[in-house]
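Notes follow the structure.
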Amino acid sequence: MARQRPWRVIVAMAGLTCLLGWLPFLGRPLSPDEGGLLMVARQWAPGDSLYGDYWVDRPPLLIALVAAGDLLGGGSGLRLLGMIAVFASVLLAGLLGRAVSPGVPAAALLPAATAAVLLGTPLFGGSVVNAELLGLPFLLTGMYAALASRRSAGARQALLWGIAAGAAGAGALMIKQNLLDVFVLLLALLVTGDLRQRSRLRGETALGAALGSAGFVCVALAGAAALGTSPAELWSAVVSFRGEATSVLLESPASGRRFWLMCLALLGSGAPLLVGVLLLRIRGLAAGPPAQLDLRLPVLALLVWETAAVLMGGSYWLHYLIGLVPGLVLLAAMSGLPDRMCGPVGLAYGLTAVSTLCVIGWVGLYPIDRSEQEVASWLAAAAQPGDTAVVAFGVPSILESAGLESPYPNLWSLPVRVRDPQLHDFRAVLAGPERPTWLVISGVGLWTWGVDPAAAQPLIKLHYEYVDDVGGYRIFRALEGSS
């Protein structure tokens, strides 16, 4: 046991070093997703929309975790929760390495290093809390349980590990609907194992995974229902909506540009170099240690699924790339620790670490666009108690920073384009007695891609007066006594 401790210390140090990359960004303004999710989580109770009075196409566990972050201290608490997820993920990555090669303490090093360098880089959306990041500890826990079930000595043990894998996998799905990695790995282990192992997976482990996932989903749905979010509404939001959104996103003039930026970020992170070097190492695994699991086909299946999930996201935000981390961690766990770290593996990890440090330094020094924060500060100073506001369309972080609620349930632009493209619901809000006190518009009017503003645009002149231009946004105030 004494010889294992240094490796535990090294893995813990890798996690702490990764967290250092987050420190320069803790005081930065919240991203639109962070601000919007905090607004949703804060008021989640029976209301007029999916989550209270707001609508978002994400499962309930994500909202519950953001609510926990809010209790820790609002935006700062949410960032702290993200840092906890990062540290836990690095530790779990090391544990996954030990599951692949039990009895080999050094097996924890490469997986932990892989998680640390990729979760620390802003090229993978590092420094911002998102669904992929909060779901990662669940994925790694489920993958560890799936591997442990394959090594189980008896039926009862296989059943228990299967339950753990299913529950953790379902937990990830309840955070973001495409985080299927645990179930992809379980299926791949079933297909590629020897006859005895296949039988166990088909039996005790498969039954345990089904029980664990079903139990977790039932508990999550029951908790959401108690807060006014029904299973039917959730299905419409997290499944049906995504199909409709895909066709809308294909029309986005920015999707192509973001896709290439995401590809450049992936290349700049060094992750493709790691994949190439590690794949070369596992090519000759048949001659590896007898205690090591042969996971070559499951690893490839996982990487293929994760790549497809990133591409199917449609919006191509950088944090999608965190979805590649579980497969890369398992690939690193399969590769083992080379005898000499000055070869290709050491060079690949060294270049990836240098990339992470350089990007952290560049992003930390580069002046960020503070126009949204300027608008939020303006609104916070001008608003009176009871005032409300709408940003047309998206950027809910402005409202969160200003401390204002919205009478319009669609805080993000994509739900507007999919659920209210003719702006009939928005028109009803502007024409009703609870119209927002403040209306913030990016540009001259409500015109934007995927939206027909004809129904709502005339109501701005009828019910609002222009007040000011701040940071590229036009601010309007509702006319007193307008009806």
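Judged by distance alone, with hydrogens and angles left aside, the side-chain atoms of T388 form no donor-acceptor pair with the main-chain N or O of P407 at under 3.5 Å. For T229 (side chain) and L50 (main-chain N/O), a donor-acceptor pair under 3.5 Å exists by modelled atom type. Judged purely by atom type and a 3.5 angstrom limit, S315 has no side-chain atom pairing as donor or acceptor with the backbone of W317. Side-chain N or O atoms of S355 include none that pairs as donor or acceptor with a backbone N or O of L351 at under 3.5 Å. Judged by distance alone, with hydrogens and angles left aside, the side-chain atoms of T356 form a donor-acceptor pair with the main-chain N or O of V117 at under 3.5 Å. With hydrogens and angles disregarded, no donor-acceptor distance shorter than 3.5 Å links the side chain of T121 to the backbone of L118. When atom types are taken as modelled, the side chain of D425 and the backbone of V429 share no donor-acceptor pair closer than 3.5 angstrom. No side-chain donor-acceptor contact under 3.5 Å links S401 to the backbone of I398. Under a 3.5 Å cut-off, the side chain of D452 and the backbone N or O of P421 do not form any donor-acceptor pair. No donor-acceptor pair closer than 3.5 Å links the side chain of S213 to the backbone N or O of A170.
Counting non-hydrogen atoms of neighbouring residues, nucleotides and ligands closer than 6.0 angstrom, the CH2 atom of W412 exceeds 12 such neighbours.
Annotation: the span from L430 atom CG to L423 atom CG amounts to 9.0 Å, rounded to 0.5 Å. Between atom CG of residue L71 and atom CG of residue L78 there is a gap of 11.5 Å, rounded to the nearest 0.5 Å. Y464 OH to I475 CD1: the interatomic distance, rounded to the nearest 0.5 Å, is 13.5 Å. To the nearest 0.5 Å, the span separating CH2 on W449 from CZ on R417 amounts to 4.5 Å. Here OG of S269 is found 7.5 Å from CG of L267. Values are rounded to the nearest 0.5 Å. A distance of 7.5 Å separates OG in S236 from CZ in R419, rounded to the nearest 0.5 Å.
Considering every non-hydrogen atom in both V329 and L96, the closest pair reads CG1-CD2, 3.8 Å. The two atoms that bring V66 and A41 nearest to each other are CG1-CB, 3.9 Å, heavy atoms only. Across all their heavy atoms, S89 and L119 have their closest contact at CB-CD1, 3.7 Å. When all heavy atoms are compared, the tightest approach of P436 to A478 is O-CB, 3.8 Å. Contact detail for G270 and T352: the closest heavy-atom pair is O-OG1, 3.6 Å. The two residues R242 and L249 make their nearest non-hydrogen contact at NH2-CD1, 4.3 Å.
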What do the steps show when you test L357 against V354 for side-chain contact (heavy atoms from CB on, under 4.5 Å), and what is the final call? CA-CA 5 Å; L357 292 173; V354 169; 5.7 Å; no
Evaluate side-chain hydrogen bond (donor to acceptor under 3.5 Å, both in side chains) for S230 paired with E233, printing each intermediate quantity in order. CA-CA 5 Å; S230 72; E233 290 176 312; 3.2 Å; yes
Could you walk me through whether L411 and V56 pass the side-chain contact (heavy atoms from CB on, under 4.5 Å) check? CA-CA 8 Å; L411 298 176; V56 61; over 6 Å; no
I441 and F393: CA distance, side-chain angles, deciding distance, side-chain contact (heavy atoms from CB on, under 4.5 Å) verdict: CA-CA 7 Å; I441 298 176; F393 294 101; over 6 Å; no
Set out, in order, the CA-CA distance, both residues' side-chain angles and the distance that settles side-chain contact (heavy atoms from CB on, under 4.5 Å) for Y54 and I63, then state yes or no. CA-CA 12 Å; Y54 296 134; I63 309 303; over 6 Å; no
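Counting heavy atoms from C-beta outward, L331 and L295 have side chains that stay 4.5 Å or more apart. Put simply, the side chain of L189 reaches to within 4.5 Å of the side chain of L185, judged on heavy atoms. Side-chain contact between M262 and L321 is present, with heavy atoms from C-beta onward closer than 4.5 Å. No side-chain heavy atom of F426 sits less than 4.5 Å from a side-chain heavy atom of P453. In this structure, the side chains of L179 and L139 come closer than 4.5 Å at one or more pairs of heavy atoms. Side chains of R477 and T437 form a contact here, defined as non-hydrogen atoms less than 4.5 Å apart. In this structure, the side chains of V470 and E374 come closer than 4.5 Å at one or more pairs of heavy atoms. Using a 4.5 Å heavy-atom cutoff, the side chains of V275 and L328 are in contact.
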Which pairs of donor and acceptor atoms, one on a side chain in residues 128-138, lie under 3.5 Å apart (sequence neighbours left out)?
from, atom 1, to, atom 2, distance (Å)
N130, OD1, E132, N, 3.3
N130, OD1, L133, N, 2.9
N130, ND2, V128, O, 3.1
E132, OE1, H319, ND1, 2.9
E132, OE2, K176, NZ, 2.3

N/O donor-acceptor pairs under 3.5 Å from side chains in residues 300-309, not counting sequence neighbours:
from, atom 1, to, atom 2, distance (Å)
E306, OE1, G327, N, 3.1
E306, OE2, G327, N, 2.9
T307, OG1, L303, O, 2.8

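For the ring pair (Phe, Tyr, Trp, His ring centres under 6.0 Å) condition, the pairs that include at least one residue of residues 218-252, sequence neighbours left out, are W55-F241. The salt bridge (charged side-chain N to carboxylate O under 4.0 Å, His left out) contacts involving residues 67-89 comprise E34-R79, R42-D70, where partners must be two or more places apart or lie in separate chains.
With sequence neighbours excluded, the residues satisfying side chain to side chain contact (heavy atoms under 4.5 Å, CB included) with Y466 are D469, R474, F476. Residues forming a side chain to side chain donor-acceptor pair (under 3.5 Å) with D53 (at least two apart in sequence, or on another chain): none.
A centroid separation of 6.0 Å or more is found between the aromatic rings of F124 and Y320.
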